[in-house]
Amino acid sequence: MTQNAIEITGLRKTYAATGKSAAKDALKGVDLNIKRGSVFGLLGPNGAGKSTLINILAGLVTKTEGTVKIWGFDQDENPRQSRASIGIMPQEPHLDAFFTPRGSLDVQAGLYGVPKSKRKTDEILDFIGLTDKADAYARSLSGGMRRRLLMGKALVHTPHILVLDEPTAGVDIELRNMLWANVRKLNEQGTTIILTTHYLEEAQEMCDEIAIINHGDLIVRDTTANLLGRLDSKTLVVRPATDATLPALPDTITGQIRTDGTLAFSYHTAQTSADQILDILRNADIKIADISTEQSDLEDVFLALTSGR
Ligand code: ADP
Ligand code: MG
């Protein structure tokens, strides 16, 4: 039995040309496995193909080529089981204004063939904090409540995998915290989580593994820790009290004399501390007039990886 929640091989999607736009290769042959039990982040700039991939998983968009297995079930060979294994909170919220939250959850459970005796409507309403709005019409719900209801709808059939497409785009801090608290709870209870976001701190905070896609290609896939390891470079900038040359440096530190006479030392925080650099300067008798640090954050690295391609 596979230990993967998702196995994607050679996935391509070409949106057909329309009167207004040329044909678009939204996914250009993506291979991606996602482990069971993980919180997996799919990152990429706007138009990268994230929603296309998610919507193919959800069965909302038909792929052009490739295979997709969800919880071990091939999407084409076992459409029913693969669909039952996954719940999607879509990026574009669509809610029927004529249903109450309770009604929406019931209709959704019906669509997924969950028998009445097995429905967990009250439990879900409580989980998404809508118990007291259970019988209010959807059109009277705030934007935040609608988002929460979308999360609830994705959970009616107790899927093994929950996919959230940009769940926190444009939401306030309070809702964001609630959504993430729910995601953590579900993951602790064993649900595999796949999310897309373009807030990098969010991905850093939530995900154990991250893939970055750009223009329909998967360009990086690694654990968050490794990815941050690549990105943890820091630069210590020292203005010497008198003109100074670069001291001898270990391989782990890159030194540079800048045109303004400052000495810049780049290093990885996992390997080197600022203290070590200061010791080197002290031993080389370099007196320091001023000191500052420059940190490249995830944003920089993300840009470095995705720009100019
Ligand atoms: P992301 O979610 O990463 O922002 P999308 O998957 O929505 O990216 O879009 C990927 C590319 O496919 C974009 O260039 C987008 O314009 C195009 N695209 C998305 N949906 C459609 C569609 N229904 N018809 C034609 N092109 C589409
Ligand atoms: Mg999208």
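Read the numbers this way: they start at 1 and go in the same order the structure lists the ligands and their atoms. Both backbone and side-chain heavy atoms feed into the values below; hydrogens, waters and symmetry mates do not.
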Quiz item: Is the count of non-hydrogen atoms from other residues, nucleotides or ligands lying under 6.0 Å from Lys133 atom NZ greater than 12?
Solution: no
Practice problem: Not counting sequence neighbours, which residues clear side-chain hydrogen bond (donor to acceptor under 3.5 Å, both in side chains) with Thr197? List them please. | Solution: Glu202
Quiz item: Would Asp208 and Thr224 count as having a side-chain donor-acceptor pair, cut-off 3.5 Å?
Solution: no
Quiz item: If we ignore angles and hydrogens, is there a donor and acceptor under 3.5 Å between the side chains of Glu7 and Asn4?
Solution: yes
Quiz item: Listing by chain and number, what protein N/O/S atoms are under 2.8 Å from the Mg ion (ligand 2)?
Solution: Ser51 OG, Gln91 OE1
Exercise. At a heavy-atom distance under 4.0 Å, which protein residues reach ligand 1? Sort them by chain and number, would you?
Key: Tyr15, Lys24, Ala26, Pro45, Asn46, Gly47, Ala48, Gly49, Lys50, Ser51, Thr52
Practice problem: Could you point out which residue of Arg83, Lys63, Lys69 forms a salt bridge (charged side-chain N to carboxylate O under 4.0 Å, His left out) with Asp76? | Solution: Lys63
Exercise. Verify the distance criterion only: is there a donor paired with an acceptor across the side chains of Lys120 and Thr158 at less than 3.5 Å?
Key: yes
Quiz item: With Lys35, which residues qualify under salt bridge (Lys or Arg N to Asp or Glu O under 4.0 Å), at least two apart?
Solution: Glu209
Practice problem: For the residue pair Ser21 and Thr18, confirm or rule out a side-chain donor-acceptor distance under 3.5 Å. | Solution: yes
Practice problem: Scan side-chain atoms only and decide if Gln91 and Ser51 contain a donor-acceptor pair under the 3.5 Å cut-off. | Solution: yes
